[in-house]
Amino acid sequence: MPIATTNPATGQLLKSYDPMSAEQVDAAIERADLAFADLRRTTIDQRGRWLNAAADLLDAERDETARLMTTEMGKTYAAAQAEVTKCAAACRFYAANAERMLADEPADAPAVKAVRALVRYQPLGPVLAVMPWNFPLWQVMRFAAPALMAGNTGLLKHASNVPQTALYLEGLFRRAGFPEGAFTTLLVGSDAVDGILSDRRVRAATLTGSEGAGRSIAQIAGRELKKVVLELGGSDPFVVMPSADLERAAEVATTARCQNNGQSCIAAKRFIVHADVFDAFAERFAANLAALRVGDPMDADTDVGPLASSGGRDEVHAQVRDAVERGATVLCGGELPAGDGWYYPPTLVTDLTPQMRMWSEEVFGPVAGLYRVSSYAEAIEVANGTAFGLGANAWTTDPDEQERFATDLDAGNVFVNGMTTSFPELPFGGVKNSGYGRELSALGMREFCNIKTVWVGRGEASAGAGAHAE
């Protein structure tokens, strides 16, 4: 895939880049390794000042940066502005809280026959981040902010269709004051990832992307015995029970499915509705989807912009056509629009069966699958009947059902009466084929730390930890 900016609203190639040579990549890794030796010795307070400076730059450059993201991958301008603002907030969150998150944790010294015992969090070194195009700033920032605050350095291999956003990120951290080499963008294709992660100077990796990409990274990391965090795909359930506020549920369902033009791992994709309220919810949901305005992502009145690539749109349409050909019913949308750009209408499909691709595959576009269930038990069975386990939504005002959903849904994130999203304050990640490890919160920062046990004795011959090792 070429490293290039192609405007999804027009299909026009705007800018292209030559991939970095092997020598350039090696030099970048060396700079990251040397920068790590310096960065790890800086104080948390100093790193916090740099990260706050990055937040200030993001705020000052919000509109320009948002326009760049919209041009590269097609999200609406308003959504891109919100993404920049969220990144600035994450920087400030980690700048304010890293000292607490990384503080030594005292242990029970007498219990382990020590004068002093503690857990210490220390950085690992250069971390490779393989990132996707759908949230080109936020996906990177939720790794970069905690990793840099912990004292690691970052090597970014971004998606090939968002190179200008990738280069902006490198420049952002440099302008904020971080040492040269602390954060570097590698303009390379996927074929270069094996060699980069295999390099002895690269200590860990994080990937947000497809299940296939995750398996590939995991294989390399396993071979090289390196830590890796994976946030992969999702086919998130959105369960609606009889006690739910249907108007509100249908309103949030519309946003949850069509956010980011339907291209979000944590977008709700499978809408599982109790038979008692199925018809009423379906009517509201279909009307809401049909009312969304599809068009120029720079237009303030646009709700849904184009998909990021022609291939992505072809895949979404193929999944819808497969369902229709096997007996599914389209309640709205489902037809390719004429004209330039890679647009796809908000679409609602029901009467789905396990023989259809939509039943088991993630649909990465503004297409919702609607399922009828007759009980709580059946809702859980359908919701968990997928290989994925990233996010899940449940709509009920029954306190007992709320607790049961929180426990019974197989997902890394369960949101009751609200839309799945990510917050710097809460850990984020999945189970099953949606990956492993966590981003965000203190847990996300510590994923790329050496969690070190420190044991201090009196130094006398009889004061050791005991005669039996391990």
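We count residues from 1, following the sequence as given. Model, not experiment: these values are computed from the prediction.
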Problem set entry | Backbone N/O of S21 and side chain of Q24: donor-acceptor pair under 3.5 Å | yes

For this session: Kindly give the heavy-atom pair with the smallest separation between A66 and V84, and that separation in Å.
Result: N-CG2, 4.1 Å

Exercise. Do K86 and S422 get their side chains close enough for a donor-acceptor pair, meaning under 3.5 Å?
Worked result: yes

For this session: Count the heavy atoms of every other residue, nucleotide or ligand shown that sit under 6.0 Å from CD of E99, and state whether that count exceeds 12.
Result: no

Exercise. Between G295 and P306, what is the shortest heavy-atom contact and its length?
Worked result: O-CD, 4.3 Å

Exercise. Of all residues at least two apart in sequence or in a different chain, which pass the ring-ring contact (aromatic ring centres under 6.0 Å, His included) check with Y343?
Worked result: none

Exercise. Testing L155, V188, D199 for side chain to side chain contact (heavy atoms under 4.5 Å, CB included) with V25, which one passes?
Worked result: V188

For this session: Answer with yes or no after comparing the ring centroid distance for F405 and W395 against a 6.0 Å cut-off, counting only values under it.
Result: no

Problem set entry | Partner set under ring-ring contact (aromatic ring centres under 6.0 Å, His included) for Y344, not counting sequence neighbours | H317

For this session: Ignoring hydrogens and angles, state whether a donor on the side chain of N393 or T420 is under 3.5 Å from an acceptor on the partner side chain.
Result: yes

For this session: Say whether, by atom type as modelled, one donor and one acceptor occur between the side chain of K226 and the main chain of V202 under 3.5 angstrom.
Result: yes

Problem set entry | Distance, nearest 0.5 Å, that separates CD of E211 from CD of E361 | 10.5 Å

Problem set entry | Test item: R257 side-chain N/O and G262 main-chain N/O as donor-acceptor pair under 3.5 Å | yes

Exercise. Heavy-atom distance under 4.5 Å between the side chains of F388 and L390, does that happen here?
Worked result: no

Exercise. P345 and G333: which non-hydrogen atoms are nearest, and at how many Å?
Worked result: CG-CA, 4.2 Å

Exercise. With distance as the sole criterion, is a donor-acceptor pair present between the side chains of E72 and N161 under 3.5 Å?
Worked result: no

Exercise. Within a strict 4.5 Å, meaning less than it, do heavy atoms of the E439 and T208 side chains meet?
Worked result: yes

For this session: Search all heavy atoms of L39 against all heavy atoms of P179 and return the closest pair with its distance.
Result: CD1-CD, 3.9 Å

Problem set entry | Test item: T70 side-chain N/O and P297 main-chain N/O as donor-acceptor pair under 3.5 Å | no

Problem set entry | Derivation of the salt bridge (Lys or Arg N to Asp or Glu O under 4.0 Å) call for R248 and E251 | CA-CA 5 Å; R248 179 62 180 157; E251 177 186 351; 3.3 Å; yes

Problem set entry | Test item: R270 side-chain N/O and S235 main-chain N/O as donor-acceptor pair under 3.5 Å | yes

Exercise. Nearest 0.5 Å, what's the CD1-CZ distance between I44 and R100?
Worked result: 11.5 Å

Problem set entry | Polar side-chain atom of R47 near backbone of M149 as donor-acceptor pair, under 3.5 Å | yes

Exercise. Would you say S360 and P354 make side-chain contact, with heavy atoms under 4.5 Å?
Worked result: no

Exercise. When you check the side-chain N and O atoms of R223 and S198, is any donor under 3.5 Å from an acceptor?
Worked result: yes

Problem set entry | Pair N134-Q263, side-chain donor/acceptor within less than 3.5 Å | no

For this session: May I ask you to decide if D38's main-chain N or O and T42's side chain share a donor-acceptor pair within less than 3.5 Å?
Result: no

Exercise. Which residues satisfy the salt bridge (charged side-chain N to carboxylate O under 4.0 Å, His left out) test with K157, sequence neighbours excluded?
Worked result: none

Exercise. Do Y17 and Q164 touch side chain to side chain, with heavy atoms closer than 4.5 Å?
Worked result: yes

Exercise. Given R31 and E170, is the salt bridge (Lys or Arg N to Asp or Glu O under 4.0 Å) satisfied, shown in steps?
Worked result: CA-CA 13 Å; R31 286 194 300 272; E170 177 181 316; over 6 Å; no

Exercise. Can you check whether M69's main-chain N or O pairs, donor with acceptor, with Y77's side chain at less than 3.5 Å?
Worked result: no

Problem set entry | Donor-acceptor contact below 3.5 Å, side chain T347 vs main chain G334 | yes

Problem set entry | Intermediate values then yes/no, side-chain contact (heavy atoms from CB on, under 4.5 Å), I380 and L409 | CA-CA 7 Å; I380 289 294; L409 287 167; 3.9 Å; yes

For this session: For the residue pair F285 and F271, categorise the inter-ring angle as parallel (less than 30°), tilted (30 to 60°) or perpendicular (more than 60°).
Result: tilted

Exercise. Looking at side-chain heavy atoms only, is the closest gap between P126 and T153 below 4.5 Å?
Worked result: yes

Problem set entry | Full working for salt bridge (Lys or Arg N to Asp or Glu O under 4.0 Å) between E315 and R357 | CA-CA 11 Å; E315 175 68 6; R357 292 177 58 190; 2.4 Å; yes

For this session: Take W50 and F173 through the ring pair (Phe, Tyr, Trp, His ring centres under 6.0 Å) test and state the conclusion after the steps.
Result: CA-CA 8 Å; W50 290 332; F173 292 115; over 10 Å; no

Problem set entry | Nearest-0.5 Å distance, CZ of residue F423 to OG1 of residue T421 | 5.0 Å

For this session: Supply the atom-to-atom distance I196 CD1 to L186 CG, rounded to the nearest 0.5 angstrom.
Result: 5.0 Å

Exercise. What distance do L51 atom CG and M141 atom CE have between them, rounded to the nearest 0.5 Å?
Worked result: 7.5 Å

Seminar exercise, completed: All heavy atoms of G48 vs all of A95, minimum pair found to be O-CB, 3.6 Å

Problem set entry | Reported CG-to-CZ distance for the pair L370 and F238, which is rounded to 0.5 angstrom | 11.0 Å

For this session: Kindly give the heavy-atom pair with the smallest separation between A387 and K432, and that separation in Å.
Result: O-CB, 3.2 Å

Exercise. Any salt bridge between D236 and K269, counting N to O under 4.0 Å?
Worked result: no

Problem set entry | Check against salt bridge (Lys or Arg N to Asp or Glu O under 4.0 Å), R293 and D303 | CA-CA 5 Å; R293 185 174 184 273; D303 299 304; over 6 Å; no

Problem set entry | Heavy-atom check, side chain of E362 versus side chain of L232, under 4.5 Å | no

For this session: Verify side-chain contact (heavy atoms from CB on, under 4.5 Å) between N261 and T76, making sure each step is shown before the conclusion.
Result: CA-CA 8 Å; N261 306 340; T76 65; 4.2 Å; yes

Exercise. Would you say Q139's side chain and M131's backbone share a donor-acceptor pair under 3.5 angstrom?
Worked result: no

Exercise. Just wondering, do E30 and L34 contact through their side chains at under 4.5 Å, heavy atoms?
Worked result: yes

Exercise. Between R201 and D26, is the closest basic N to carboxylate O distance under 4.0 Å?
Worked result: yes

For this session: Would you check if T386 and W359 make a side-chain contact, meaning some heavy-atom pair closer than 4.5 Å?
Result: no

